[in-house]
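In what follows, chains carry the letters A, B, and so on, assigned in the order in which the sequence lines appear, proteins first and then strands, with residues in each chain numbered from 1.
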Number of protein chains: 2
Amino acid sequence: MARKAPLSDAALELVARRFAVLSEPMRLRLIQALFEGEMNVNALVEATGGTQANISRHLQTLTQAHVLARRKEGLQVFYSIADPSLYKLCELVCGSLEKQFARHAESLAK
Amino acid sequence: MARKAPLSDAALELVARRFAVLSEPMRLRLIQALFEGEMNVNALVEATGGTQANISRHLQTLTQAHVLARRKEGLQVFYSIADPSLYKLCELVCGSLEKQFARHAESLAK
DNA sequence: CAAGTATATGAGTATATGCGCATATAAATT
DNA sequence: AATTTATATGCGCATATACTCATATACTTG
């Protein structure tokens, strides 16, 4: 395997955009709720404690980014995780933050 | 292993913050440059084509988030990757985006 | 077709943040 | 100590985006 070539400006913007989509606590809450399985908007509103309008907007953002999938069934709209890499992604970040805190705790203990 | 408990609000904010730090193209360019190894500010300015002031600010953001490490040597300041999870993180996101494009290409081909 | 229910969206406001310019700080050199 | 070099930072502007309120749209049911 050859060394990875540096990403183009356009590619960097896409990667940055992907991270930006994941950089809001409410969107992470939605994703976390959907880790349990597909849910409709009302259920997500209740699960997260947000307003319907705000949740709807965040769902739009996540769906446009292909992070979530949208399925309409009658009056209701069901959302689900569309990007399987999300699981590992969240694990990675959580693990990294835990290590960071562990180090911080050590330095406090000194 | 027990099922993961949902993250607290505080934890979600930290995770969101981590993603936010990675959501700027210029910061990703810096990280990409540093994947090659430790570099000082001037080298990073040249490598990325940014202004010195702007690069310095981004380096501050990344260092405060413990994504980068800072080492001062005389007049120069050297930065390096402090969080090893960054490699996998970027790989994951790039891979996910590639798959997304592959699907999009298919749908265009139809 | 009228009324009700689930979801989406337009408009306005508040806040955050990236960038450039100028300048400040810190350390080496003369 | 004065000057030069490397890096950091205060400030202001422009833009992005999260949130709320009100209303629109889509679908179902009587």
- Query: Of the nucleotides C:dA8, C:dC19, D:dT7, which has the atom closest to the A:Val41 side chain?
  - Reply: C:dA8
- Message: Can a donor-acceptor pair be found, under 3.5 Å and without considering hydrogens, that links the side chain of A:Arg71 to the backbone of A:Phe78?
- Response: no
- Message: If the cut-off is 4.0 Å, is B:Asn42 near the phosphate of D:dT7, judged by side-chain N/O to OP1 or OP2?
- Response: yes
- Specify the separation, in whole Å, of atom CZ of B:Arg27 and atom C1' of C:dA16. 12 Å
- Message: A:Glu13: which residues meet the salt bridge (Lys or Arg N to Asp or Glu O under 4.0 Å) condition with it, sequence neighbours left out?
- Response: none
- Task: Could you tell me the separation between the CZ atom of B:Arg70 and the C1' atom of D:dT9, rounded to a whole number of Å?
- Result: 12 Å
- B:Glu24 CD to D:dA16 C1': how many Å, rounded? 10 Å
- Task: Could you tell me which residues satisfy ring pair (Phe, Tyr, Trp, His ring centres under 6.0 Å) with A:Phe101, sequence neighbours excluded, listed by chain and number?
- Result: none
- Item | Heavy-atom donor-acceptor pair, A:Gln32 side chain to B:Leu7 backbone, under 3.5 Å | yes
Donor-acceptor list for residues 52-68 of chain B side chains, cut-off 3.5 Å, not counting sequence neighbours:
residue: B:His58; atom: ND1; partner: B:Arg27; partner atom: NH1; Å: 3.1
residue: B:Thr61; atom: OG1; partner: B:Arg57; partner atom: O; Å: 3.2
residue: B:Thr63; atom: OG1; partner: B:Leu59; partner atom: O; Å: 2.7

- Task: Would you give the length of the straight line joining atom CE of A:Met26 to atom CG of B:Leu12, rounded to the nearest 0.5 angstrom?
- Result: 10.0 Å
- Of all of residues 11-18 of chain A, which get a heavy atom below 4.0 angstrom from DNA chain D, listed by number? A:Arg17
- Message: So does A:Leu92 get a backbone contact from the side chain of A:Ser96, meaning a donor-acceptor N/O pair under 3.5 Å?
- Response: no
- A:Asp83/A:Lys88 ion pair, N-O < 4.0 Å: no
- Message: If you define the side chain from C-beta out and look only at heavy atoms, does anything of B:Val15 sit under 4.5 Å from A:Cys94?
- Response: yes
- Message: Can you pull out the residues from residues 43-67 of chain A that lie within a 4.0 Å heavy-atom distance of DNA chain D?
- Response: A:Thr51, A:Ala53, A:Asn54, A:Arg57, A:His58
- Message: Quick check: do A:Leu22 and A:Ile31 have side-chain heavy atoms less than 4.5 Å from each other?
- Response: yes
- Message: Tell me the interatomic distance from B:Gln76, atom CD, to D:dT5, atom C1', rounded to whole angstroms.
- Response: 9 Å
- Task: First locate atom CG of A:Leu14, then atom OG of A:Ser8, and finally report the distance between them rounded to the nearest 0.5 Å.
- Result: 8.0 Å
- Message: Base, sugar-phosphate or nothing for B:Tyr79? Non-hydrogen atoms, less than 4.0 Å.
- Response: sugar-phosphate
- Task: Summarise protein proximity over nucleotides 25-30 of chain D in one line of letters, 5' to 3': B for base, S for sugar-phosphate only, - for none, counting protein heavy atoms closer than 4.0 Å.
- Result: -BBS--
- What's the CG-C1' distance between A:Leu30 and D:dA18, to the nearest Å? 13 Å
